[in-house]
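Let me begin by presenting the structure, written as structure tokens, before commenting on it.
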Amino acid sequence: MRADLVPDDLWERVAPLLPPAPERRRRYPGRLRVSDRVALAGVMYVLGTGVAWRDVPAEAVGCPGVTAPRRLRDWTEAEADPLEWTP
């Protein structure tokens with residue numbers, strides 16, 4: 001992940017506002033989840049460059065272009081119901 005996309009001071013402000021990650025399944029857990037900071041870097045990359053989600057370079061950001069918008073959607077949906085989680 002490029003450090004300039006999500007500097008430490010920005011991450012310290014944003015991290016407490018994000019909902020907790022869902023618990024992994026024990027059976028058939030699938031791939032490891034990309035960290036929220038890396039997903040946020042993907043969102044910041046799209047906002048800064050204006051490229052399409054599918055054109056986000058996974059090597060530069062740290063996650064594929066489909067991961068960042070999915071995580072953004074999950075964060076947005078979690079905010080819609082503030083009773084689900086508390087910051």
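The existence of a salt bridge linking Asp8 and Arg37 is confirmed by a sub-4.0 Å separation between a basic side-chain nitrogen and an acidic carboxylate oxygen.
In terms of heavy atoms, Leu10 sits closest to Leu5 at CD2-O, 4.2 Å. A pairwise comparison of heavy atoms in Arg33 and Pro22 identifies NH1-CD, 3.4 Å as the closest pair. Across Val61 and Val38, no two heavy atoms sit closer than the pair O-CG1, 3.8 Å. When every heavy atom of Pro69 is checked against every heavy atom of Gly65, the shortest pair comes out as CD-O, 2.8 Å.
Within 6.0 Å of atom CZ in Arg24, more than 12 heavy atoms from other residues, nucleotides or ligands are found, so the atom counts as buried in its surroundings. Heavy atoms from other residues, nucleotides or ligands lying under 6.0 Å from CZ of Arg73 number more than 12.
In this structure, Leu40 CG and Leu18 CG are separated by 7.0 Å, a value rounded to the nearest 0.5 Å. Note that the CG atom of Asp74 and the CG atom of Asp36 stand 9.5 Å from one another [nearest 0.5 Å]. Distance CZ/Arg31 to OG1/Thr67: 8.5 Å, rounded to 0.5 Å.
Residues Cys63 and Arg71 are not in side-chain contact: their nearest non-hydrogen atoms beyond the backbone lie 4.5 Å or more apart.
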Inset, instruction - Start with the C-alpha gap between Val6 and Tyr45, add the side-chain angles, then the distance that decides, and say whether side chain to side chain contact (heavy atoms under 4.5 Å, CB included) holds. - result: CA-CA 9 Å; Val6 183; Tyr45 184 84; over 6 Å; no
Inset, instruction - Apply side chain to side chain contact (heavy atoms under 4.5 Å, CB included) to Trp53 and Val66, showing your working. - result: CA-CA 6 Å; Trp53 291 111; Val66 297; over 6 Å; no
Inset, instruction - Report the C-alpha distance between Val14 and Trp75 in whole Å, list the side-chain angles of each, state the deciding distance to 0.1 Å, and finish with yes or no for side chain to side chain contact (heavy atoms under 4.5 Å, CB included). - result: CA-CA 12 Å; Val14 172; Trp75 293 335; over 6 Å; no
